[in-house]
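A note on names: the letters A, B, ... follow the listed sequences, proteins ahead of strands, and every chain is numbered from 1.
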Amino acid sequence: MSRNLALPKPLSIFSRITSSTKIQTLTLQPLKDDDLNIHNNIFNTTFNHEHFYTSLLDRSTCRRHLNQIHSQITLTGFQFNGFIITKFIHVASNLGEILYARQVFDEFPEPYVFLWNAIIRGYSKQNKFSEGIAMYNRMQNTGVGPDCFTLPHVLKACGGAAAFEVGRAVHGQIFRRGFEGDGFVQNGLVAAYAKCGRIDNARSVFDGLGDRTVVSWTSIISAYAQNGEPIEALRIFKKMRSCGLQPDWITLVSVISAYADVEDVGQGKSSHSCVIKMGLESEPDLRIALITLYAKCGNVMIAKSLFDETETCNVIMWNTMISGFAKNGCCNEAIILFEQMLLRNLKPDSVTVCSTILACAQLGSLEEARKMGDYIDKSEYKHDVFVNSALIDMYAKCGSVELARKVFDQTKTKDIVVWSSMIVGYGLHGKAREAINLFDSMKQAGVGPNDVTFIGLLTACNHAGLVEDGWRIFNSMKDYNIEPRHQHYACVVDLLGRAGCLDRAYDFIKKMPIDPGVSVWGALLSASRIYRHVALGEYSAQHLFLLDPYNTGHYVQLSNLYASVRMWSGVARVRVLMKEKGLAKDMGCSMIEINGKLHVFRMGDMSHPRSDEIFKEHKRLDTRLKEAGLVADTESALHDLSYEDKEESICNHSERLAIVYGLMSTPAGSILRVTKNLRACVNCHAAIKLISRIENREIVVRDANRFHHFKNGECSCGDYW
DNA sequence: TTAGGGTTAG
């Protein structure tokens with residue numbers, strides 16, 4: 001028998017060994033130290049060693065068990081028994097002891113295919129894909145050919161490492177060795193190609209399958225779902241059903257995730273009922289898919305109740321809920337959940353901290369960001385590339401490009417995402433020179449740019465008004481074989497439009513090789529509003545109302561454009577349109593953090609406990625501003641108010657209240673940081689510049705679009721936003 | 001011993 005290779009004669013000690021029946025009963029119980037002490041309970045000479053060691057290994061739960069079993073194996077001379085050692089490698093790698101498994105593998109003189117399968121499987125299971133592939137190559141170099149069990153494991157490794165070329169080579173071997181009819185191998189190929197993003201290759205393997213099982217269907221459905229084609233995934237799912245096949249729980253995970261991607265909460269809900277009908281609602285991984293679905297569709301409370309109902313949540317479930325909160329703007333809830341995790345002594349993984357960092361970035365509070373930064377600094381994730389790029393993004397979005405740069409400088413292995421995050425960070429703050437210089441250093445470091453790098457560069461040029469640099473950068477994209485996407489075109493339109501080159505912007509749109517989307521028309525409308533170009537503004541708005549009819553922002557922009565040229569009838573028309581669609585203007589809202597507590601203000605907000613003092617101080621400041629020469633521009637949108645009313649409602653804008661409260665509650669000379677949900681208005685921008693001078697304060701405002709650093713009466717945006 | 005899924009950064 002091949003698996004009994006090198007089986008030595010039993011040593012004398014084995015003349016007194018437990019009976020097989022006794023071992024059968026033992027397998028039902030967890031391993032105890034006594035079970036390992038085989039010297040004490042040995043009688044029977046018909047003992048089956050393989051059975052005995054398999055039983056012990058099956059019940060092992062830790063490295064200590066493995067150590068003891070391994071020394072027994074060696075002591076009894078079974079270290080060359082292929083069957084026992086294969087089992088050992090299998091169990092050790094399942095327990096995460098892949099290095100130990102490898103050590104035992106290396107001690108085996110001439111491993112045959114079962115042992116190779118076990119070690120390759122071990123590496124694949126532990127996500128050590130390149131090691132798995134390396135072992136596969138070594139196996140072949142030693143003259144051992146793969147069998148139908150080797151191939152699915154090595155294909156999994158190819159998928160995990162996104163090693164398309166290796167996968168294709170394996171595919172060739174499958175043909176040459178005649179495994180092309182094996183269902184397991186074929187499904188493995190579909191999955192491997194899908195994970196490499198080669199959906200066409202995956203599809204052609206699937207199309208060639210004679211016998212399609214639920215696993216085959218699930219493989220191709222998830223292939224489309226993972227590659228950004230959820231609609232095709234769902235179409236294939238329908239086809240599978242029409243062939244009379246019932247989905248199992250893994251199929252449903254992929255289907256629900258496709259519904260989440262297309263944000264079809266209705267169909268998602270019917271899958272949820274299907275899950276309940278099939279009695280699968282307590283399956284943790286299906287819960288994760290459902291929580292993602294509800295969170296992505298904006299039903300964050302349903303997601304939370306599913307989360308709360310779950311007795312023992314695993315890390316991924318916590319991650320799903322934290323990122324679900326963050327994506328729905330519930331940043332505080334996300335951070336609180338992270339803190340709860342720590343309080344319960346649950347160990348966050350790198351995904352958990354990335355999701356929480358994202359929540360901090362969205363919240364915009366530098367204080368909260370610093371806390372997170374300190375936590376990471378003391379954690380094992382200090383050198384994680386994902387975490388570092390998230391931190392760079394967070395600090396930049398929380399107003400401190402300096403802290404972002406500090407993390408950037410401390411990041412040892414800088415991948416493209418780390419470089420791009422920093423470039424995008426500079427872009428956000430209008431630091432175009434720094435962004436372009438960093439781009440040069442990046443190229444010198446041998447890192448090639450990607451599409452996001454260019455978004456950062458173009459945004460930087462936009463905010464700094466560097467039209468020609470931006471134009472040159474956009475045109476250089478083709479040198480790097482990067483196809484511009486909607487956002488890049490929108491950046492260029494914005495760049496040209498803001499600089500007043502409206503005709504050039506419009507020409508540019510006409511020549512675009514792809515259909516202009518919301519962002520492109522939005523940029524043109526915004527430029528038309530700045531330069532009061534009614535015809536172009538109306539034209540852009542027409543497109544926007546078709547493409548994105550429920551976005552309040554477009555209506556407000558058009559209305560402001562009409563108001564700026566005193567076309568009150570136009571303003572009224574837009575109002576009617578909004579009413580018909582059931583839309584209301586977004587309420588401006590600003591936040592400031594004082595001593596770790598967030599204070600939120602809306603326009604004319606009287607709800608703050610210190611409201612009286614705030615308004616008194618506001619009035620005093622207003623008088624000083626007027627004395628310093630500030631005149632409100634009352635010509636925008638508020639045409640149906642009297643001059644005084646207009647002036648009052650402008651002065652009561654939320655950011656002004658937040659700043660007044662900040663001035664009252666912080667020591668002289670300290671920096672104020674305010675976050676606003678909409679874009680800063682012209683009046684407030686002018687007022688804040690003046691406040692920074694007369695109060696001698698640096699004020700950092702994050703609006704919906706970018707950062708403004710106000711200092712000594714000037715703003716970093718150079719009045720260009 | 002073997003295949004399919006779910007959470008994360010710009």
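Aromatic ring pairs are classed by plane angle as parallel below 30°, tilted from 30° to 60° and perpendicular above 60°; the pair A:H70 and A:F88 is tilted.
A heavy atom closer than 4.0 Å to some atom of DNA chain B occurs in A:F184, A:N187, A:A191, these being the qualifying members of residues 177-193 of chain A.
Here A:V214 lies in heavy-atom contact (under 4.0 Å) with a base. Among the atoms of the strands shown, none is found under 4.0 Å from any heavy atom of A:W419. Counting non-hydrogen atoms under 4.0 angstrom, A:T251 reaches a base of the nucleic acid.
Rounded to whole angstrom, the span from the CG atom of A:N314 across to the P atom of B:dG6 amounts to 14 Å. As rounded to whole Å, 10 Å separates atom C1' of B:dT2 from atom NE2 of A:H90. Rounded to an integer number of Å, the gap from A:D147 CG to B:dA3 C1' is 14 Å. The distance from atom CG of A:N117 to atom P of B:dA3 is 11 Å, rounded to the nearest whole Å.
Within 3.5 Å, a donor on the side chain of A:T218 pairs with an acceptor on the base of B:dG4, or the reverse.
Looking only at atom types and distance, the side chain of A:Y136 has no donor-acceptor partner in the side chain of A:H153 under 3.5 Å away.
The ring of A:F474 has its center closer than 6.0 angstrom to the ring center of A:Y489.
For the ring pair (Phe, Tyr, Trp, His ring centres under 6.0 Å) test, residues two or more places apart in sequence or in another chain that qualify with A:H429 are A:F707, A:H709. Every residue meeting the side chain to side chain contact (heavy atoms under 4.5 Å, CB included) condition with A:A490, not counting sequence neighbours, appears here in chain and number order: A:S519, A:V520. For A:F408, the ring pair (Phe, Tyr, Trp, His ring centres under 6.0 Å) criterion is met by A:W419, not counting sequence neighbours.
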Please list, for nucleotides 7-10 of chain B, all pairs of protein and nucleotide N/O atoms separated by less than 3.5 Å.
{"unit_1": "B:dT7", "atom_1": "O2", "unit_2": "A:N319", "atom_2": "ND2", "d": "2.7"}
{"unit_1": "B:dT8", "atom_1": "OP1", "unit_2": "A:K327", "atom_2": "NZ", "d": "2.2"}
{"unit_1": "B:dA9", "atom_1": "N3", "unit_2": "A:S389", "atom_2": "OG", "d": "3.3"}
{"unit_1": "B:dG10", "atom_1": "OP1", "unit_2": "A:D393", "atom_2": "OD2", "d": "2.9"}
{"unit_1": "B:dG10", "atom_1": "N2", "unit_2": "A:N450", "atom_2": "OD1", "d": "3.3"}
{"unit_1": "B:dG10", "atom_1": "N2", "unit_2": "A:N450", "atom_2": "ND2", "d": "2.1"}

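Among residue pairs with one or both ends in residues 407-418 of chain A, those qualifying as side-chain hydrogen bond (donor to acceptor under 3.5 Å, both in side chains) are A:R405-A:D409; sequence neighbours excluded.
Looking only at distances, no side-chain donor or acceptor of A:S219 sits under 3.5 Å from a matching main-chain atom of A:V190.
Nearest heavy atom pair, residue A:W217 against residue A:C243, reads CZ2-SG, 4.0 Å.
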